[in-house]
2 protein chains.
Amino acid sequence: MPQRKRKTPGAVTILDVAKHAGVSPMTASRVINGSTRVAVELRERVQAAVRELGYRPNLAGRSLRTTGSARVGVLYSNPSAAYLNELMLGILEQSSLSGVQVLVEKCAGMQSQRAATQRLLEAGVDGVILPPPLCDSPQTVRELDERGIPVVAVATAAPMQDVPSVRIDDYQGARAMTRYLLDLGHTRIGFIQGDPKHTPAQLRLQAFRDTMAEAGIAVPDAYVAPGLFTYRSGLSAARQLLDLPQRPTAIFCSNDDMAAGAMAVAHGMGLRIPGELSVVGFDDTPVATTLWPELTTIRQPVTAMGKAAVSALLELIRDRRAGRSREAAHQVMKYALVRRQSSAAPG
Amino acid sequence: MPQRKRKTPGAVTILDVAKHAGVSPMTASRVINGSTRVAVELRERVQAAVRELGYRPNLAGRSLRTTGSARVGVLYSNPSAAYLNELMLGILEQSSLSGVQVLVEKCAGMQSQRAATQRLLEAGVDGVILPPPLCDSPQTVRELDERGIPVVAVATAAPMQDVPSVRIDDYQGARAMTRYLLDLGHTRIGFIQGDPKHTPAQLRLQAFRDTMAEAGIAVPDAYVAPGLFTYRSGLSAARQLLDLPQRPTAIFCSNDDMAAGAMAVAHGMGLRIPGELSVVGFDDTPVATTLWPELTTIRQPVTAMGKAAVSALLELIRDRRAGRSREAAHQVMKYALVRRQSSAAPG
DNA sequence: CTGAAAGCGCTTACAG
DNA sequence: CTGAAAGCGCTTACAG
């Protein structure tokens with residue numbers, strides 16, 4: 001058996017591809033990066049070589065040349081563990097693809113927010129991603145902006161004019177869910193609010209009210225219960241709703257954690273879900289598929305939003321380095337209504 | 001204001017550090033990487049320069065030279081979404097630090113497992129991380145091994161001799177939890193099993209039985225309810241336990257998802273937690289802090305285990321490339337008993 | 001103990 | 001449309 005030629009076994013480089021295709025590394029690079037300015041024949045030869053050799057670009061090499069050495073910070077406070085995990089997944093994945101380093105800082109109060117920002121700056125971050133609820137904090141945004149650090153806001157429902165954002169349309173999402181329940185035949189629909197300080201919570205409630213009004217169905221005050229996005233608040237809100245003399249046949253919870261609380265109460269009262277009560281949520285975090293029956297909810301593509309945030313931030317950083325500037329981009333990602341087993345026509 | 005000298009603003013390189021300290025880049029590199037073979041004075045000058053300039057090594061550059069271009073695969077099946085998220089967080093974080101690319105493949109049945117393995121191989125992975133339950137599948141391990149792909153098993157409770165693993169001691173963890181409940185004064189302790197096909201589930205049950213026996217407390221058969229690690233199975237197991245004429249004062253659930261189910265049932269029956277019933281779990285996934293009251297559980301450092309798995313795999317890959325080989329390392333991480341509000345002395 | 005040279009894999013900027 | 005040269009930031013291997 002002949003001696004292997006490759007120095008590091010398993011590593012197919014762009015030089016191997018170029019040699020195999022009989023072109024220069026530059027031409028190979030151009031084909032691999034989708035440039036159109038390559039003769040058809042060469043392009044095909046390179047593509048064949050990529051396939052035959054199983055070539056995959058080494059991103060460390062690429063990013064060394066392109067992005068240079070960017071570092072992005074993530075500054076968060078008061079997160080839902082599940083939500084943050086999922087977001088970080090996207091952020092880390094895209095960072096790894098882009099050869100970018102990620103620094104994470106947590107802060108609690110306003111004071112620790114300053115300290116956390118300071119630490120990020122000292123670590124030399126070139127930009128910062130702001131998950132909710134910090135994305136809605138003008139102070140935080142301003143403080144970073146003053147230091148010349150670009151910011152991307154994730155999942156804000158009230159995007160600031162000049163701060164790029166990645167979000168879904170909370171209003172339309174909550175509207176779609178309300179309409180879905182109406183279409184199933186529900187008229188007595190309870191609603192559990194999220195933390196009123198969060199902009200998405202406000203919009204979700206507003207969409208619910210508007211859609212019910214358009215359908216000509218009055219919503220009794222008692223059918224809208226306060227909540228804080230926590231499981232615990234879901235428990236007490238659901239008790240409140242289900243103890244009403246005329247109880248709702250469906251409950252629309254402003255997030256999945258509260259829906260889990262609502263389902264716990266319903267299970268406890270011996271109510272069959274969805275036979276006697278439909279429960280729906282919002283976000284589609286892992287808890288939605290943990291519950292039984294599995295939860296109908298609005299899917300927010302959190303991981304994809306994390307990726308998009310990194311990409312947007314990187315563009316900003318490159319622009320800034322190149323001395324360019326452009327208008328803040330607001331990316332609205334698609335939500336999806338995911339029908340599972342927790343919802344059905346009223347019994 | 002004078003023109004900035006740096007080509008890419010914000011990027012402090014090792015050359016800047018070296019110049020600032022008046023040494024060669026090599027000496028700077030040695031200090032930064034903790035080599036001891038540097039004169040004290042030079043070391044201190046470099047360290048000062050690092051501090052003053054806020055230097056942070058660019059990992060893309062480093063990994064290009066050291067690891068070369070490693071790629072690690074993650075092959076999973078049938079995961080708890082929350083667990084997998086947390087594990088991936090660690091895997092991605094460490095990969096990003098090490099400048100390694102990560103490829104993820106999911107598989108369902110045995111057939112799709114072959115296909116997924118094939119895809120990973122075609123993508124040129126240099127090693128594979130196997131989360132549970134695939135880490136306990138000899139076929140999967142063998143198939144990869146035959147192709148010369150190193151494997152690291154995560155969270156198996158029955159590590160194979162020659163496959164490196166990262167895990168906690170499930171037996172000792174479950175023992176500690178049982179003893180904790182005993183020390184609180186509980187004698188009527190129910191147990192909800194995990195999926196009996198998973199090795200950790202078997203050990204956790206065994207530890208419970210042994211510890212109870214040592215305390216001289218008989219465990220009625222009806223006090224051990226079958227489960228599958230799912231919320232749903234937790235619901236029915238808890239119903240079974242709580243409907244007993246002489247019901248337990250505490251329930252030890254083999255994971256957090258089932259504890260969530262058990263708490264839902266207890267809430268429904270109007271049982272106060274922890275006053276009338278203590279509920280404890282295992283794993284400390286995000287659900288543990290989502291519930292109310294928050295869940296006492298055994299913390300498995302899942303994110304750290306993901307990081308450790310990447311590091312172990314990278315060592316294996318480097319060894320293999322260098323033609324070295326050594327014994328499989330089995331890393332046992334520390335668990336922790338996290339006391340929260342779901343457990344107390346029997347009422 | 002210290003450093004000059006070379007190169008990891010890739011792409012930018014330039015020349016044809 | 002194509003390619004030779006240079007360099008991103010870092011460290012290995014070699015020489016002193």
Side-chain angles (χ1 to χ4, degrees), chain A residues 6-19 21-46 50 53 55-71 97-101 124 126 317-318 321-322, chain B residues 6-19 21-46 50 53 55-71 97-101 124 126 317-318 321-322:
Chain A
R6 292 189 207 135
K7 287 158 239 162
T8 50
V12 180
T13 77
I14 201 168
L15 268 79
D16 298 324
V17 172
K19 205 172 296 171
V23 299
S24 76
M26 256 328 293
T27 299
S29 170
R30 276 192 269 258
V31 173
I32 287 157
N33 289 286
S35 160
T36 43
R37 318 188 138 286
V38 177
V40 186
E41 201 210 315
L42 295 193
R43 180 202 317 291
E44 278 166 4
R45 289 221 305 265
V46 171
V50 166
L53 267 41
Y55 170 73
R56 291 266 181 142
N58 178 330
L59 302 168
R62 176 180 290 172
S63 81
L64 203 51
R65 197 71 249 261
T66 49
T67 321
S69 66
R71 248 188 297 265
L97 282 174
S98 309
V100 165
Q101 289 173 67
D126 304 287
I317 292 172
R318 286 202 199 103
R321 285 185 181 174
Chain B
R6 291 189 208 136
K7 285 160 242 160
T8 50
V12 180
T13 77
I14 201 168
L15 269 78
D16 298 323
V17 172
K19 205 170 297 172
V23 299
S24 75
M26 254 330 291
T27 300
S29 171
R30 277 191 269 258
V31 173
I32 287 156
N33 289 286
S35 160
T36 43
R37 316 189 138 286
V38 176
V40 186
E41 202 210 314
L42 295 193
R43 180 201 317 291
E44 279 166 5
R45 289 222 304 264
V46 171
V50 165
L53 267 41
Y55 169 74
R56 290 267 181 142
N58 178 329
L59 302 167
R62 175 181 290 172
S63 82
L64 203 51
R65 197 72 249 261
T66 50
T67 321
S69 65
R71 247 188 296 264
L97 281 175
S98 310
V100 164
Q101 288 174 69
D126 304 287
I317 292 171
R318 286 203 198 102
R321 285 185 180 173

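What you see is a predicted model, and the numbers here were worked out from it, not measured in a lab. In what follows, every chain begins at residue 1, and chains take the letters A, B, ... in the order their sequences are listed. Just so it is clear, the values below take in all heavy atoms, side chains as well, and ignore hydrogens, waters and symmetry mates.
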Whether B/Arg43 side chain and B/Val31 backbone form a donor-acceptor pair below 3.5 Å: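 Not confirmed, B/Arg43 side chain does not pair with B/Val31 backbone.
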Under the 3.5 angstrom rule, does the side chain of B/Arg71 hit a backbone N or O of B/Gln101 as a donor-acceptor pair?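 Such a contact is absent between B/Arg71 side chain and B/Gln101 backbone.
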Which listed nucleotide ([options]) is nearest to the side chain of [X]?
| X | options | value |
| --- | --- | --- |
| B/Leu42 | C/dG9, C/dT2, C/dC1 | C/dT2 |
| A/Pro57 | C/dC10, C/dT2, C/dG3 | C/dC10 |
| A/Arg65 | C/dT11, D/dT2, D/dC10 | C/dT11 |

Of B/Tyr55 and B/Arg30, the one whose closest DNA chain D nucleotide lies more 5':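 Nearest-nucleotide comparison on DNA chain D picks B/Tyr55.
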In whole Å, I'd like the distance from the [atom1] atom of [X] to the [atom2] atom of [N].
| X | N | atom1 | atom2 | value |
| --- | --- | --- | --- | --- |
| A/Asn58 | C/dG7 | CG | P | 18 Å |
| A/Asp16 | C/dC10 | CG | P | 9 Å |
| A/Arg62 | D/dG7 | CZ | C1' | 17 Å |
| B/Arg43 | C/dG3 | CZ | P | 14 Å |
| A/Ile14 | C/dT12 | CD1 | C1' | 13 Å |
| B/Leu64 | D/dC8 | CG | C1' | 9 Å |
| A/Arg37 | D/dT2 | CZ | P | 11 Å |
| A/Asp126 | D/dG9 | CG | P | 12 Å |

For A/Thr13 and C/dG9, is the shortest distance between a side-chain N/O and OP1 or OP2 below 4.0 Å?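 It does not, given that no N or O in the side chain of A/Thr13 lies less than 4.0 Å from OP1 or OP2 of C/dG9.
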OP1 or OP2 of D/dG3 sitting under 4.0 Å from any side-chain N/O of A/Thr27?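 Checking A/Thr27 against D/dG3: at least one side-chain N or O falls below 4.0 Å of OP1 or OP2.
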Heavy atoms only: give me the nearest [X]-[Y] pair and the separation to one decimal.
| X | Y | answer |
| --- | --- | --- |
| A/Tyr55 | A/Ile14 | CE1-N, 3.5 Å |
| B/Leu64 | A/Leu64 | CD2-CD2, 3.4 Å |
| B/Val12 | B/Val17 | CG1-CG2, 4.5 Å |

Identity of whatever pairs with D/dA4 - Watson-Crick or G-U, under 3.5 angstrom: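 Across all strands, not a single nucleotide pairs with D/dA4.
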Using heavy-atom distances to pick each residue's nearest nucleotide on DNA chain C, tell me which of B/Val40 and B/Gly61 is more 5'.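 The residue mapped nearer the 5' terminus is B/Val40.
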Between B/Met26 and A/Ser29, who's closer to the 5' end of DNA chain C by nearest nucleotide?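 It is B/Met26, whose closest nucleotide lies nearer the 5' terminus.
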